[in-house]
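Report on the structure given below.
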Amino acid sequence: MDADFIIYNIGKLYTPYLTPPIHGKEMSDIQVIENAFIAIRDGLILDFGDHKYKQYKSRQTKMLDAKQMIVTPGFIDSHTHLVHAGSREDEYAKLRSGTPYLEILKAGGGILGTVEQTRKASFDALYHQAYASLTEMMHYGVTTVEAKSGYGLEIETEVKQLEVSKKLNEDHPVTVLSTYMGAHAVPREFQDHEEDYIKQVIADLDTIKTLDLATAVDVFCETGVFSIEETKEILERAKALGFPIKIHADEIDPLGGAGLGVDLGATSVDHLMAISDKDIRKLAYSKTVANLLPGTSFYLNKGYAPARKMIENQVAVSIAGDYNPGSCPTENFQFIMHLASNKLKMTPEEILTAVTINPAYHLHMDHLIGSIAKGKRADLVILDAPNLNYIFYHFGVSHTKHVMINGQIVVEDRQIVRES
Ligand code: IZC
Ligand code: ZN
């Protein structure tokens with residue numbers, strides 16, 4: 001069968017190949033093919049390997065010489081707060097001088113400041129700001145992004161945010177998956193009667209379901225935000241409606257959100273800087289993926305999640321960027337991957353698993369993306385590096401040479417060639 005596109009002369013092709021969730025020690029198990037090719041047809045991978053690709057070549061086939069560079073599956077950023085208005089550089093000085101993140105929120109700033117701006121922002125303003133961030137992420141090799149709502153904290157703005165994500169998914173080459181996060185903070189107007197806000201979120205879940213605007217539901221389970229009991233109440237309703245669920249868990253205080261996530265069958269539990277040993281053991285061999293966000297530890301100058309302990313205990317780990325205006329204002333996913341290496345002490349192979357097949361699994365997308373496999377989507381990154389180790393060692397820059405999404409080149413020679 002003829003290919004539409006062939007990438008040839010690949011120095012080394014790296015891909016996970018085991019069935020996810022890939023736990024602990026198996027995360028190092030990566031397939032490496034030298035002098036490889038990938039043949040693509042109708043946006044999907046037709047074949048790949050180190051044998052001859054000539055059989056797939058016709059006069060119409062587009063050819064891309066990878067010039068001995070390396071190729072990996074497109075990176076999946078499985079935790080972002082992509083759609084929001086404004087920025088919070090005024091808080092940066094406070095954070096730097098030691099004011100805790102939760103104290104800023106308690107004083108009515110932080111998330112609530114972004115809520116105020118997002119409520120006021122037009123659909124177009126939100127769309128353009130998020131569009132530009134998405135393009136920046138794509139430049140770093142990200143081909144799928146999860147985007148949470150949670151800056152409305154009332155149904156109109158939550159719907160506006162989710163509709164922006166939906167339109168971005170339609171217009172932008174990057175795949176955008178939406179998560180409803182009405183339980184991101186308690187809005188100012190409910191500060192004295194938080195229980196009514198929980199009721200509101202639970203009622204709004206029905207609306208989100210009816211409008212089909214989200215593929216998952218998330219809750220910020222943290223001191224001063226939502227307790228374990230409140231998180232459970234909201235997520236049990238979400239589950240009853242058929243939503244996959246996830247939790248911002250044990251980020252600052254060890255409340256036990258990770259353990260709750262396993263009990264409820266969450267697809268992922270995210271952050272986990274303060275996770276207990278008991279909850280690490282609960283996560284071991286489970287279907288709940290530990291989604292670690294080292295960029296947040298870096299920016300907030302906090303401790304890092306105990307990734308090595310999790311991997312040694314057979315937890316399935318993924319890594320995400322957490323792009324947001326308050327605790328991780330960067331779209332540089334390759335820097336996040338460097339932090340996973342330098343601070344979480346993960347190996348290059350573990351990190352590759354953690355940014356491809358494991359996030360694909362917890363986003364329920366592993367049948368389509370997350371590895372280089374026949375029949376999967378041709379979402380690929382060609383990196384200007386001699387081997388996988390190099391991209392973690394040479395940090396702070398983008399190693400991306402070309403990016404392909406759905407069989408189309410979207411970044412060519414470091415330039416964005418297709419934005420929509
Ligand atoms: O806007 O501060 N942690 N949510 C939970 C965030 C960070 C986003 C923000
Ligand atoms: Zn988050």
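Just so you know, ligand 1 is whichever comes first in the structure, and atom 1 is the first atom listed for that ligand. When reading the values below, keep in mind they use all heavy atoms of this one structure, side chains included, and skip hydrogens, waters and symmetry mates.
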State plainly whether the residues [X] and [Y] are in salt-bridge range, i.e. N to O under 4.0 Å.
{"X": "K374", "Y": "D47", "answer": "yes"}
{"X": "E349", "Y": "K25", "answer": "no"}
{"X": "K232", "Y": "E236", "answer": "yes"}
{"X": "E146", "Y": "K148", "answer": "yes"}

Mind checking whether the Zn ion (ligand 2) has an N, O or S of H81 under 2.8 Å?
yes
Counting backbone and side-chain atoms alike, is an N, O or S atom of H271 positioned under 2.8 Å from the Zn ion (ligand 2)?
no
Quick one: does [X] get a heavy atom under 4.0 Å from ligand 1?
{"X": "E251", "answer": "yes"}
{"X": "R88", "answer": "yes"}
{"X": "T114", "answer": "no"}
{"X": "H184", "answer": "yes"}

So if I count the atoms of ligand 1 from 1 in the order they appear, which ones are less than 4.0 Å from some heavy atom of Y101?
2 (O), 3 (N), 4 (N), 5 (C), 6 (C), 7 (C), 8 (C), 9 (C)
Where ligand 1 meets I111 - atom numbers and elements under 4.0 angstrom, heavy-atom basis
1 (O), 2 (O), 4 (N), 9 (C)
Measure up the [X] and [Y] rings against each other and bin them: parallel (under 30°), tilted (30 to 60°), perpendicular (over 60°).
{"X": "F335", "Y": "F298", "value": "perpendicular"}
{"X": "Y390", "Y": "H394", "value": "perpendicular"}
{"X": "H248", "Y": "H184", "value": "tilted"}

K287 NZ: over 12 foreign heavy atoms closer than 6.0 Å:
no
Which atom of [X] approaches the Zn ion (ligand 2) most closely (N/O/S):
{"X": "H248", "answer": "NE2"}
{"X": "D322", "answer": "OD1"}
{"X": "H79", "answer": "NE2"}

Closest to atom 8 (C) of ligand 1 among Y151, F220, Y299, Y323 (heavy-atom distance)
Y151
